[in-house]
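We name chains A, B, ... by the order of the sequence lines, and we start the count at 1 in each one.
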Protein chains: 2
Amino acid sequence: MKTIEQLLESKNIRVTAMRLLIYKFLAKKKVAVTLSDIENAFAKADRTTLYRTIKTFEEKVIVHQIDDGTGITKYALCEEGCNCDIKNDLHLHFHCNNCNETTCLTDHKIPQIKVPDGFVSENVNLVVKGICDKCSG
Amino acid sequence: MKTIEQLLESKNIRVTAMRLLIYKFLAKKKVAVTLSDIENAFAKADRTTLYRTIKTFEEKVIVHQIDDGTGITKYALCEEGCNCDIKNDLHLHFHCNNCNETTCLTDHKIPQIKVPDGFVSENVNLVVKGICDKCSG
DNA sequence: TAGTAAGTGCAATGGAAGTGCATTTGTTAT
DNA sequence: ATAACAAATGCACTTCCATTGCACTTACTA
Ligand SMILES: [Mn+2]
Ligand SMILES: [Mn+2]
Ligand SMILES: [Zn+2]
Ligand SMILES: [Zn+2]
């Protein structure tokens with residue numbers, strides 16, 4: 001089990017207070033977060049810093065981006081050893097129409113999708129919408 | 001085979017010049033279009049009119065919206081007898097990473113997706129990304 | 001410890017989406 | 001046909017998220 005510091009160093013980005021805080025925030029959350037979620041959590045920090053931090057995390061494959069169709073991009077921590085950099089996430093995402101939260105279903109892999117002749121599939125984005133476990137209870 | 005006029009009337013919306021033009025534009029295109037594609041095609045018309053026309057078409061299930069992950073919503077004509085109103089499209093969409101065009105694969109239906117216990121699936125958005133037939137040739 | 005590269009904060013921009021209201025156009029009833 | 005009404009259009013404005021330029025500060029490294 002790596003520390004966050006070790007993780008950041010292994011990705012060749014500097015360890016800063018802000019990055020540690022944001023990483024911990026993401027780790028604590030069990031659902032994907034928007035930039036404004038982060039802004040609300042760190043009201044004292046500048047938006048741009050938070051924005052660029054998350055972009056750096058994305059670039060270094062510490063988080064992955066999720067487009068759940070709400071029009072607002074969300075982010076969630078990557079699994080260790082994921083290959084978010086090659087393909088998009090192989091796991092699927094669930095967006096709750098009730099609480100509006102988006103969850104990584106990390107152990108639900110996306111099935112093989114057939115495309116017509118001439119088309120080459122490189123990656124697949126799959127978002128299931130419905131009612132999440134917390135809301136359906 | 002219905003005329004466009006008959007189609008619009010059957011959906012209880014008025015036949016106007018603009019609507020006919022936009023419908024024909026969509027029919028001519030074999031790929032999904034953005035609002036600004038339409039704006040470019042009808043530079044003389046007001047943006048709002050185009051916007052509201054496409055929203056009306058969407059509401060009346062003449063077009064369906066496609067979120068291909070580019071951040072810009074696209075639209076494409078519905079098939080006759082589709083049920084875009086109930087679930088999202090059952091067919092899948094292909095986004096070309098080369099030409100940036102999005103195609104309806106109308107006869108490629110989305111497979112059944114399993115979700116964990118407690119989650120209820122209502123609809124599914126599936127976008128395959130890669131190289132389209134025109135670009136892979 | 002000086003120099004350099006990276007990170008942060010502030011201000012401004014841009015694009016897409018959406019709304020209020022006045023005007024025009026089409027439909028319907030007299 | 002014409003008045004009355006409803007729907008469609010055009011213009012102006014707004015909001016929200018994403019993104020960038022530049023100055024300043026902080027962290028690494030020779
Ligand atoms: Mn995920
Ligand atoms: Mn489609
Ligand atoms: Zn929920
Ligand atoms: Zn292509």
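Ion pairing between B:R14 and B:E9 fails under the 4.0 Å rule for side-chain N and carboxylate O. Classification of A:K134 and A:E101 as a salt-bridged pair holds, one side-chain N sitting under 4.0 Å from a carboxylate O.
For the pair A:F42 CZ and C:dG7 C1', the computed distance is 16 Å after rounding to whole Å. Atom CD1 of B:I54 and atom C1' of C:dA16 are 15 Å apart (whole Å). As a whole-Å value, the separation of B:E39 CD from D:dG10 C1' is 14 Å. In this structure, CD1 of A:I13 is placed 15 Å from C1' of C:dA5, rounded to the nearest angstrom. Distance CG (A:N12) to C1' (D:dC28): 13 Å, rounded to an integer number of Å. If you measure from atom CG of A:D67 to atom C1' of D:dA18, you get 14 Å, rounded to the nearest angstrom. Atom pair B:I72:CD1 and D:dC17:P shows a separation of 17 Å (rounding to whole Å applied). Per the geometry, CG belonging to A:D37 stands 13 Å off C1' belonging to D:dC17, to the nearest Å.
For C:dT8, the OP1/OP2 oxygens have a side-chain nitrogen or oxygen of A:T16 closer than 4.0 Å. Side-chain nitrogen and oxygen atoms of B:T49 include at least one within less than 4.0 Å of the OP1 or OP2 phosphate oxygen of D:dG10. Taking side-chain N and O atoms only, B:Y51 has no distance below 4.0 Å to OP1 or OP2 of C:dA17. Between A:R14 and D:dT26 there is no side-chain N or O to OP1 or OP2 distance below 4.0 Å.
Nucleic acid contact for B:R47: base, since at least one base atom lies under 4.0 Å from a heavy atom of the residue. If you check every strand for non-hydrogen atoms under 4.0 Å, B:S36 touches nothing. As judged by a 4.0 angstrom heavy-atom cut-off over every strand, B:T73 is placed among residues touching the sugar-phosphate backbone only.
Nearest-nucleotide assignment on DNA chain D puts the 5′-proximal partner with B:T53, out of B:T53 and A:K55.
Side-chain atoms of A:T48 come within donor-acceptor range of the base of C:dC10, with a qualifying N/O pair under 3.5 Å. Between the base of D:dG10 and the side chain of B:R52 there is a donor-acceptor pair shorter than 3.5 Å.
A:K74 and A:T34 share no donor-acceptor pair across their side chains, judged by distance under 3.5 Å alone.
Counting heavy atoms of neighbouring residues, nucleotides and ligands inside a 6.0 Å radius, atom NZ of B:K114 does not exceed 12 of them.
Under a 3.5 Å cut-off, the side chain of B:K30 and the backbone N or O of B:A27 do not form any donor-acceptor pair.
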